[in-house]
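To start, the structure itself, in structure tokens.
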Amino acid sequence: MSAPLTISFGAATALGLAAGAFAYASRWPSSQIFGRTLIAPARPGELALTFDDGPNPACTPRLLDVLARHGVRATFFFVGQFAQQEPALARSVAAAGHVVGNHSWSHPDLSRIAAHRIRDELAQTKDTLEQITGGPIRFFRPPFGARRPYVLRAARDLGMTPVMWNAMTSDWSERYSDRITARLAKKIDRNQRRGFASNIVLHDGGHLALNTDRGPSITAAEKLVARYTSTHRFVAVDAWV
């Protein structure tokens, strides 16, 4: 009676380890198991502000004003369907000199959907953004950071560099900008001690709908600029390729 139980326990353990390994490879930002991604180079004096889930008419214009006042160039990863609904706003981001990147069409978990849909999500967004902005879309960030080998391969086949991050907090659910700022500053300072730049994720939109309130995130972005502008150089991710 013990042998079948031993075999079952061993199989369950193996499955658990495999599931854990897949979860790490597909979601942990620094994992390179499923393919190389851009995170941040060994340039501890540089910070890249990146913003996901826009364009968002409720918050992106305010963010553009903040960045313009401080002379900061940033990176925006747009959801394709939102850019299609707000083309003038998407165009204004590119016109201000910021990098516009691909964040898929509808923000699905790309690690769990069919390959043909992954390709459609990325290609439709890239085509739409290029038509709106008039320039090439060279960078891609997977929603939730979720990827598998085909996701990264499809992005590269479409001429895009996959981008992850090394400084993020749950700004999408935090209502106090001071907390967002403090948590990100802790990660920025840690990255600097380790000799790396910081690729910072904030959200100017919400992936479920337009007009999501991201006021605390925008305020946190301005506080980070004020805190680090005298000691660091703010760059867009194209400075790292």
Examine [X] and [Y] and state if one hydrophobic cluster contains both, with Ile, Leu, Val, Met, Phe, Trp and Tyr joined whenever side-chain heavy atoms are less than 4.5 Å apart.
{"X": "V241", "Y": "V235", "answer": "yes"}
{"X": "I113", "Y": "Y150", "answer": "yes"}
{"X": "I137", "Y": "L122", "answer": "yes"}
{"X": "I218", "Y": "V72", "answer": "yes"}
{"X": "L49", "Y": "L38", "answer": "no"}

So, for [X] and [Y], which heavy atoms are closest and what is the spacing to 0.1 Å?
{"X": "F34", "Y": "R147", "value": "CD1-O, 3.5 Å"}
{"X": "L63", "Y": "F76", "value": "CD2-CE2, 3.5 Å"}
{"X": "E121", "Y": "S106", "value": "OE2-OG, 2.6 Å"}
{"X": "W165", "Y": "G145", "value": "CH2-CA, 3.7 Å"}
{"X": "V79", "Y": "W105", "value": "CG1-O, 3.1 Å"}
{"X": "I180", "Y": "S217", "value": "CD1-N, 4.2 Å"}

Would you list the atom pairs, donor with acceptor, under 3.5 Å between side chains in residues 83-96 and any protein atom, with sequence neighbours excluded?
from, atom 1, to, atom 2, distance (Å)
Q85, NE2, Q81, O, 3.2
R91, NE, I132, O, 3.0
S92, OG, L89, O, 2.6

Can [X] and [Y] be counted as having a side-chain donor-acceptor contact under 3.5 angstrom?
{"X": "E46", "Y": "H232", "value": "no"}
{"X": "S198", "Y": "Q192", "value": "no"}
{"X": "R36", "Y": "T161", "value": "no"}

Self-check item: Worked verdict on R227 versus I188 for side-chain contact (heavy atoms from CB on, under 4.5 Å)
Solution: CA-CA 11 Å; R227 178 172 182 150; I188 291 166; over 6 Å; no
Is it true that a side-chain atom of [X] and a backbone atom of [Y] form a donor plus acceptor pair closer than 3.5 Å?
{"X": "N199", "Y": "A40", "result": "no"}
{"X": "T75", "Y": "V237", "result": "yes"}
{"X": "K187", "Y": "N166", "result": "no"}
{"X": "T133", "Y": "G135", "result": "yes"}

Self-check item: Chi angles and distances behind the side-chain contact (heavy atoms from CB on, under 4.5 Å) call for S177, K223
Solution: CA-CA 8 Å; S177 62; K223 289 179 178 180; 2.9 Å; yes
Find the distance between [atom1] ([X]) and [atom2] ([Y]) and round it off to the nearest 0.5 Å.
{"X": "K186", "Y": "N191", "atom1": "NZ", "atom2": "CG", "result": "12.5 Å"}
{"X": "D171", "Y": "T219", "atom1": "CG", "atom2": "OG1", "result": "11.5 Å"}
{"X": "R233", "Y": "L47", "atom1": "CZ", "atom2": "CG", "result": "11.0 Å"}
{"X": "E174", "Y": "D178", "atom1": "CD", "atom2": "CG", "result": "9.5 Å"}
{"X": "N56", "Y": "F51", "atom1": "CG", "atom2": "CZ", "result": "12.5 Å"}

Practice problem: Could you check T125 against F77 for side-chain contact (heavy atoms from CB on, under 4.5 Å), going step by step and ending with a plain yes or no? | Solution: CA-CA 11 Å; T125 303; F77 289 98; over 6 Å; no
Quiz item: When you check the gap from the basic side-chain N to the acidic O, do R73 and D238 get nearer than 4.0 Å?
Solution: yes
Practice problem: Take F139 and N102 through the test side-chain contact (heavy atoms from CB on, under 4.5 Å) and record every step on the way to the result. | Solution: CA-CA 6 Å; F139 299 95; N102 185 326; over 6 Å; no
Self-check item: Trace of the salt bridge (Lys or Arg N to Asp or Glu O under 4.0 Å) decision for D109 with R112
Solution: CA-CA 6 Å; D109 182 337; R112 300 178 182 274; 3.2 Å; yes
Quiz item: Which is it for D53 and R141 under the salt bridge (Lys or Arg N to Asp or Glu O under 4.0 Å) test, yes or no, and what are the steps along the way?
Solution: CA-CA 10 Å; D53 295 353; R141 173 172 282 159; over 6 Å; no
Quiz item: D52 and R214: salt bridge (Lys or Arg N to Asp or Glu O under 4.0 Å), yes or no, with the steps?
Solution: CA-CA 11 Å; D52 290 2; R214 290 290 182 247; over 6 Å; no
Exercise. Kindly write out the residues that satisfy ring-ring contact (aromatic ring centres under 6.0 Å, His included) with H107, not counting sequence neighbours, or none if the list is empty.
Key: H103, F144, H207
Practice problem: Going by the side chain to side chain contact (heavy atoms under 4.5 Å, CB included) test, name the single residue among T169, T50, L184 that passes it with L202. | Solution: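 Exactly one candidate clears the test, L184.
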Practice problem: Name all residues meeting the salt bridge (Lys or Arg N to Asp or Glu O under 4.0 Å) criterion together with D157; count only those two or more places apart in sequence or in a different chain, and write none if there are none. | Solution: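 Partners of D157 by the salt bridge (Lys or Arg N to Asp or Glu O under 4.0 Å) criterion, ordered by chain and then number, come out as R119.
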